[in-house]
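Below is one structure, written out as structure tokens; the observations come after it.
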Amino acid sequence: MAEIIDGKAIAARLREEIRQEVLRLGQKKVTPGLAVVLVGDDPASRVYVSMKEKACAEAGIYSDEYKLPADTSEQTLLELIDRLNRDERIDGILVQLPLPDHIDESKILEAISPQKDVDGFHPYNVGRLATGNPLFKPCTPYGVMKMLEAIDCDLTGKEVVVVGRSNIVGKPVALMCLARHATVTLCHSRTRDLAEVVGRADVLIAAVGRPELIRGEWIKEGAVVIDVGVNRVGEKKLVGDVEFAAASKRASAITPVPGGVGPMTITMLLYNTLESARRRAGEA
Ligand SMILES: Nc1nc(=O)c2c([nH]1)NC[C@@H]1CN(c3ccc(C(=O)N[C@@H](CCC(=O)O)C(=O)O)cc3)C=[N+]21
């Protein structure tokens with residue numbers, strides 16, 4: 001049976017380290033500050049935003065929440081971002097995605113100062129990551145890398161298979177694995193014979209957003225499985241992109257859902273905000 005990679009526990013350790021660093025910076029009169037902007041009232045987004053608030057409070061990070069109505073104009077949102085870009089208390093700006101349809105998402109992401117882009121979604125930060133000189137790394141892929149590190153998984157020369165090609169997870173996590181000297185295959189819904197490709201993976205990273213699309217029997221014996229999917233089925237149940245029970249009979253280590261990658265995502269957001277404040281303090 002596979003070792004369960006306990007994202008919650010790894011996240012708790014990192015959050016304690018972050019809290020200590022925030023205390024230390026406080027002695028220099030610098031408090032990291034995060035602005036979270038939520039447009040509309042999507043219930044899932046609300047839950048995520050309140051989790052981020054709570055995590056900030058526990059780490060000693062100042063946070064400001066802007067809850068704007070669903071019919072907020074693009075112009076109003078751009079003005080708020082401009083104000084936050086110039087606000088000295090704010091080290092990080094996060095605009096919760098998805099945005100309502102009448103707002104151009106890339107226009108908004110490009111308005112955020114790359115120096116405050118703690119999500120790592122601005123094309124400047126995407127470019128820095130792609131060229132091997134990252135400023136802010138996107139939180140979910142960064143969390144995935146921290147989990148691999150926590151189980152001492154060295155990627156050098158390994159076959160990493162990433163399923164899913166989103167800008168938020170699939171593409172950046174592939175780049176990060178490449179930077180760690182893995183051989184990376186990036187596949188997606190149109191990949192021919194997905195089962196065969198998945199079967200080659202020493203490390204499988206699933207980020208397609210389809211409940212249990214990846215069957216346990218596809219997985220190579222001894223593989224490490226990182227499941228980024230958070231799919232709500234029915235009222236309450238959360239499942240990943242991987243068929244967990246069957247996969248854990250073949251994998252050597254596997255992340256659960258919930259309690260896997262999710263808690264790491266928020267942790268890396270705190271980490272990026274702390275890093276940004278360190279730069280403001282002239283430390284990095
Ligand atoms: N600008 C932006 N940045 C984001 O980072 C961002 C976003 N927009 N939009 C939505 C996604 C989703 N996301 C998650 C964060 C934490 C959990 C998490 O902690 N999940 C818990 C379960 C929570 C639950 O019960 O729903 C877990 O997996 O254990 C999941 C998903 C960040 N996102």
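Numbering of residues begins at 1 and proceeds along the displayed sequence. Atoms within each ligand, like the ligands themselves, are counted from 1 in listed order.
- Using a cutoff of 4.0 Å between basic side-chain nitrogens and carboxylate oxygens, Glu16 and Arg13 are not scored as salt-bridged.
- Taking the side chain to side chain donor-acceptor pair (under 3.5 Å) definition, one finds that Glu275 meets it with Arg278, sequence neighbours left out.
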Please tabulate protein-ligand N/O pairs under 3.5 Å for ligand 1, atom names and distances to 0.1 Å.
| unit_1 | atom_1 | unit_2 | atom_2 | d |
| --- | --- | --- | --- | --- |
| ligand 1 | 1 (N) | Val95 | O | 2.8 |
| ligand 1 | 1 (N) | Asp119 | OD2 | 2.6 |
| ligand 1 | 3 (N) | Asp119 | OD1 | 3.1 |
| ligand 1 | 3 (N) | Asp119 | OD2 | 3.3 |
| ligand 1 | 8 (N) | Leu97 | N | 3.1 |
| ligand 1 | 9 (N) | Gln96 | NE2 | 3.0 |
| ligand 1 | 9 (N) | Leu97 | O | 2.9 |
| ligand 1 | 19 (O) | Gly262 | O | 3.3 |
| ligand 1 | 26 (O) | Arg232 | NH2 | 2.8 |
| ligand 1 | 29 (O) | Gly259 | N | 2.6 |

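- Here the closest heavy-atom approach between residue Ala55 and residue Arg15 is recorded as CB-NH1, 3.6 Å.
- Note on Glu79 versus Arg83: no salt bridge recorded, every NZ/NE/NH1/NH2 to OD/OE distance being 4.0 Å or above.
- At a threshold of 4.0 Å, the pair Arg89-Asp87 counts as salt-bridged, since one of the basic side-chain nitrogens sits closer than that to a carboxylate oxygen.
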Item to complete: Evaluate side chain to side chain donor-acceptor pair (under 3.5 Å) for Thr131 paired with Asn133, printing each intermediate quantity in order.
Response: CA-CA 6 Å; Thr131 51; Asn133 179 28; 5.9 Å; no
